[in-house]
Amino acid sequence: MSFQAPKGTFDWLPPRSERVLAVREALAAPLRTAGYGYIETPVFEDTQLFARGVGESTDIVTKEMYTFADKGGRSLTLRPEGTASVVRAVLQHNLHTGQLPVKLWYSGSQFRYERAQRGRYRHFWQVGAEALGSEDPALDAELIVLAARGFASLGLKNVTLLLNSLGDQNCRPAYRAALQEFLRGLDLDEETRARIEINPLRVLDDRRSEVQDQLADAPLVVDHLCAACKAYHEEVRGLLTACGVAFTDDPRLVRGLDYYTRTTFEFVHGGLGSQSAVGGGGRYDGLSEMLDGPPLPSVGWALGVDRTFLAMQAEGLADDEARQRVQVYGVPLGDDARRRMFLLVGELREAGLSADMAFGGKGLKGAMKGADRSGAAFALILGERDLAAEAVQVKDLATAEQSEVPLAQVVEFLKGKVQ
RNA sequence: GUGGGUGUAGCUCAGUUGGCAGAGCGCCAGGUUGUGGUCCUGGAUGUCGAGGGUUCAAGUCCCUUCACUCACCCCA
């Protein structure tokens, strides 16, 4: 085997792929009921969009982007996340000049150049939602509730919601300074010391115990929120509680992208190997301006499709048993019968039944095996004798009962039997 | 970018002090020349990841390399 999927990528194969498709649909379904419109944006964008939107100091931008030059010399990057693209599209097409908020959802591939491990790949899939142009705690709460509904609809029981507020341009600078002062006094490696100056909040997110052990007395954002941010955060918390959505306050939750303000949240699960997040998001009131747009306070999230599937596997919700692929399976004997069966299978499909047939000139036994493996409820056996009689043998594969049905009536006959 | 583990049949994996390349599952065929699932019988499939070295002899020992995987960093 000379070719294989590129490093850090993988293929979804049946029957698992069908379940992943269903996961994607289930995560998106609540958004459709809440007035979110579907948006598709290019898989690649101007590199600067992500550099400015995601943040120059983030790991995503400094080392995880798939960046390449096209034949025109433009620097393009495969999207590492969806929000920057959506904001760019909204600004480009002036969607924000209509009624606000603009509510959009998307679903698709994302790319990050990382060392792959369980739950973390170079090519992965997200379902995302964004509500742009409105500063309303109910909108933050709505999105969180919709995500929680999506996970719940898949049967997931062990998804936990972590919630925090990062403050805004009024209160964050003072907090940031206080945190920096604290962090500078710690014993940290060079890379982390550099991070203190660029994005000190992310030091709080470090999972290494030698770092965490020193952070016990670190100043927390919650203690530095201004009155407006505090009130906003309380409102979000109150709405979630009223909706019956459980959450855990996590004052250390900061997330890795630079654009977040106020509300941040993460849905975590224990079944993802060393990863924990199945989804996450937050408010990004300043992003539009970073991308040369007008002030456009917004909130959004992205849920990891493949990570959600891992979580389902961990909870025993993703059995690999093959499903029924078709309802009816044709078993032709001989060339004349094969031509007639080809037409019959087409008629069945036109009539709304799913149907397949044996291909490749298999013998009867092999064709019957095919019928069995297709999961079909009925096999249609057609040989020379049946053609002469203008009839087909209809075999119930569960009971092994077989009856002869005139070819002219078999479609109606099966419509009555199946479903 | 850094560290650990693993590479043998389509899949999951055995393979002893270096001595004929194996099992289970799957696949194909036959038992049944017009009947699947169960059962019985038979069959095919290998660059033992790749390259080099030691040896009479290497899947096994040594070196190099590649891939996969898990973990760190970080994140969905």
Side-chain angles (χ1 to χ4, degrees), chain A residues 1-10 13 27 54 57-64 79-83 108-128 147 189 191-192 195 199 202-203 205-211 253-257 265-269 272-281 300-311 329 331-334 337 358 360 362-387 392-402 404:
Chain A
M1 177 107 65
S2 42
F3 288 107
Q4 50 186 318
K7 193 179 187 69
T9 69
F10 62 95
L13 305 173
L27 292 177
V54 176
S57 69
T58 63
D59 278 20
I60 292 177
V61 170
T62 55
K63 57 183 191 187
E64 295 176 2
R79 61 186 182 199
E81 57 105 43
T83 302
S109 299
Q110 315 289 339
F111 307 85
R112 290 181 200 173
Y113 190 88
E114 309 187 78
R115 283 288 286 268
Q117 60 183 280
R118 183 176 173 77
R120 193 188 74 176
Y121 304 99
R122 291 185 173 185
H123 176 200
F124 57 102
W125 294 264
Q126 290 184 333
V127 169
D189 61 278
E191 193 182 345
T192 307
R195 190 172 293 154
N199 194 338
R202 285 180 55 243
V203 178
D205 222 14
D206 200 312
R207 291 205 312 192
R208 290 173 295 184
S209 60
E210 64 266 31
V211 177
L253 178 70
V254 299
R255 304 184 46 71
L257 286 68
F265 53 90
E266 211 165 89
F267 290 92
V268 296
H269 194 278
L272 310 177
S274 83
Q275 320 321 310
S276 59
V278 286
W301 50 240
L303 313 182
V305 174
D306 38 293
R307 283 194 181 176
T308 299
F309 188 72
L310 278 180
Y329 194 92
V331 177
L333 302 170
K362 282 189 173 55
L364 177 61
K365 185 165 174 146
M368 284 303 293
K369 281 192 181 202
D372 188 52
R373 285 162 204 177
S374 75
F378 294 94
L380 303 182
I381 299 146
L382 189 69
E384 300 302 320
R385 295 208 297 263
D386 309 299
L387 277 177
V392 61
Q393 304 298 322
V394 177
K395 180 165 185 175
D396 184 320
L397 288 169
T399 65
E401 284 170 32
Q402 186 168 317
E404 183 170 301

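Numbers restart at 1 for each chain; the letters A, B, ... are given by sequence-line order, proteins then strands. In what follows, every heavy atom counts, from backbone to side chain, and hydrogens, waters and symmetry copies are set aside.
As judged by a 4.0 angstrom heavy-atom cut-off over every strand, A:Glu81 is placed among residues making no nucleic acid contact. In this structure, A:Gly273 reaches the sugar-phosphate backbone alone: every heavy-atom distance under 4.0 Å involves primed, P, OP1 or OP2 atoms, never a base. Nucleic acid contact class of A:Lys395 (heavy atoms, under 4.0 Å, all strands): base. Looking at heavy-atom distances under 4.0 Å, A:Tyr121 makes contact with a base. Residue A:Ala367 is out of contact with every strand shown, counting any heavy-atom pair closer than 4.0 Å. As judged by a 4.0 angstrom heavy-atom cut-off over every strand, A:Lys365 is placed among the base-contacting residues. Among the heavy atoms of the strands, none lies under 4.0 Å from A:Ala376. Residue contacts for A:Gly383: at a heavy-atom cut-off of 4.0 Å it reaches a base atom on one of the strands shown. Among the heavy atoms of the strands lying under 4.0 Å from A:Gln393 is at least one base atom, whether or not backbone atoms are also near. Among the atoms of the strands shown, none is found under 4.0 Å from any heavy atom of A:Ala371. If you check every strand for non-hydrogen atoms under 4.0 Å, A:Thr308 touches nothing.
Using a 4.5 Å heavy-atom threshold, the side chains of A:Met368 and A:Leu397 count as touching.
A donor-acceptor contact shorter than 3.5 Å links the side chain of A:Gln275 to the backbone of A:Arg118. At distances below 3.5 Å, not a single donor-acceptor pair connects side-chain atoms of A:Arg307 with backbone N or O atoms of A:Leu272. In this structure, the side chain of A:Arg112 does not engage the main chain of A:Lys63 through any donor-acceptor pair within 3.5 Å.
In terms of phosphate contacts, A:Gln126 brings no side-chain nitrogen or oxygen within less than 4.0 Å of OP1 or OP2 of B:A76. A close approach under 4.0 Å does not occur between any side-chain nitrogen or oxygen of A:Arg307 and OP1 or OP2 of B:C75. One finds no side-chain N or O of A:Gln402 lying less than 4.0 angstrom from the OP1 or OP2 phosphate oxygen of B:U35. Under 4.0 angstrom from either OP1 or OP2 of B:C72 there lies at least one side-chain N or O belonging to A:Ser274. Using a 4.0 Å cut-off, no side-chain N or O of A:Arg118 falls inside it from OP1 or OP2 of B:C72.
On the P atoms, B:G42 is 14 Å away from B:C25, given to the nearest whole Å. B:G49 and B:C13: their P atoms are spaced 15 Å apart (whole Å). The C1' atoms of B:A14 and B:A67 are separated by 23 Å, rounded to the nearest whole Å.
Counting only heavy atoms from C-beta on, A:Gln117 has its side chain closest to B:C72 among B:A76, B:C72, B:G36. With distances taken from any side-chain atom of A:Arg373 to the nucleotides B:G34, B:C27, B:G36, the minimum falls on B:C27. Looking at the side chain of A:Leu397, the nearest of the listed nucleotides B:G36, B:C74, B:C75 is B:G36.
Judged by distance alone with a 3.5 Å cut-off, a donor-acceptor contact links the side chain of A:Glu114 to the base of B:A76. Donor-acceptor pairing under 3.5 Å, judged by distance alone, is present between the side chain of A:Arg385 and the base of B:G34. Between the base of B:G36 and the side chain of A:Asp372 there is a donor-acceptor pair shorter than 3.5 Å. Side-chain atoms of A:Arg115 come within donor-acceptor range of the base of B:U2, with a qualifying N/O pair under 3.5 Å.
The distance from atom CZ of A:Arg122 to atom P of B:U69 is 11 Å, rounded to the nearest whole Å. Atom CZ in A:Phe265 sits about 11 Å away from atom P in B:A76, given to the nearest Å. Put simply, CD on A:Gln275 is 11 Å from C1' on B:C72, counting in whole angstrom units. The distance from atom CD of A:Gln110 to atom P of B:C75 is 16 Å, rounded to the nearest whole Å. The nearest whole Å value for the distance from the CG atom in A:Asp396 to the P atom in B:U35 is 18 Å. Between the C1' atom of B:C72 and the CG atom of A:Leu272 lies a distance of 17 Å, rounded to the nearest Å. In this structure, the CD atom of A:Glu404 is 13 Å from the C1' atom of B:G34, given to the nearest Å. One interatomic measurement links the two molecules: NZ of A:Lys7 to C1' of B:G49, which rounds to 14 Å at whole-angstrom precision.
Both tests do not hold together for A:Arg122 against A:Phe111: distance to the six-membered ring centre under 6.0 Å, angle to the ring axis within 45°.
What you find for A:Leu333 and A:Ala337 is that their closest heavy atoms are O-CB, 3.3 Å. Taking every heavy atom of both residues into account, A:Phe124 and A:Asp306 meet most closely at CB-OD1, 3.6 Å. When all heavy atoms are compared, the tightest approach of A:Leu310 to A:Gly119 is CD1-CA, 3.4 Å. In plain terms, the two heavy atoms of A:Val278 and A:Thr308 that are nearest each other are O-OG1, 4.1 Å.
Ring geometry for A:His123 against A:Trp125 counts as tilted: the plane angle lies between 30° and 60°, on a 0 to 90° scale.
Taken together, the paired segments of RNA chain B that extend over three or more consecutive Watson-Crick or G-U pairs, each closer than 3.5 Å at both contacts, are B:1-7 with B:66-72, B:10-13 with B:22-25, B:27-31 with B:39-43, B:49-53 with B:61-65.
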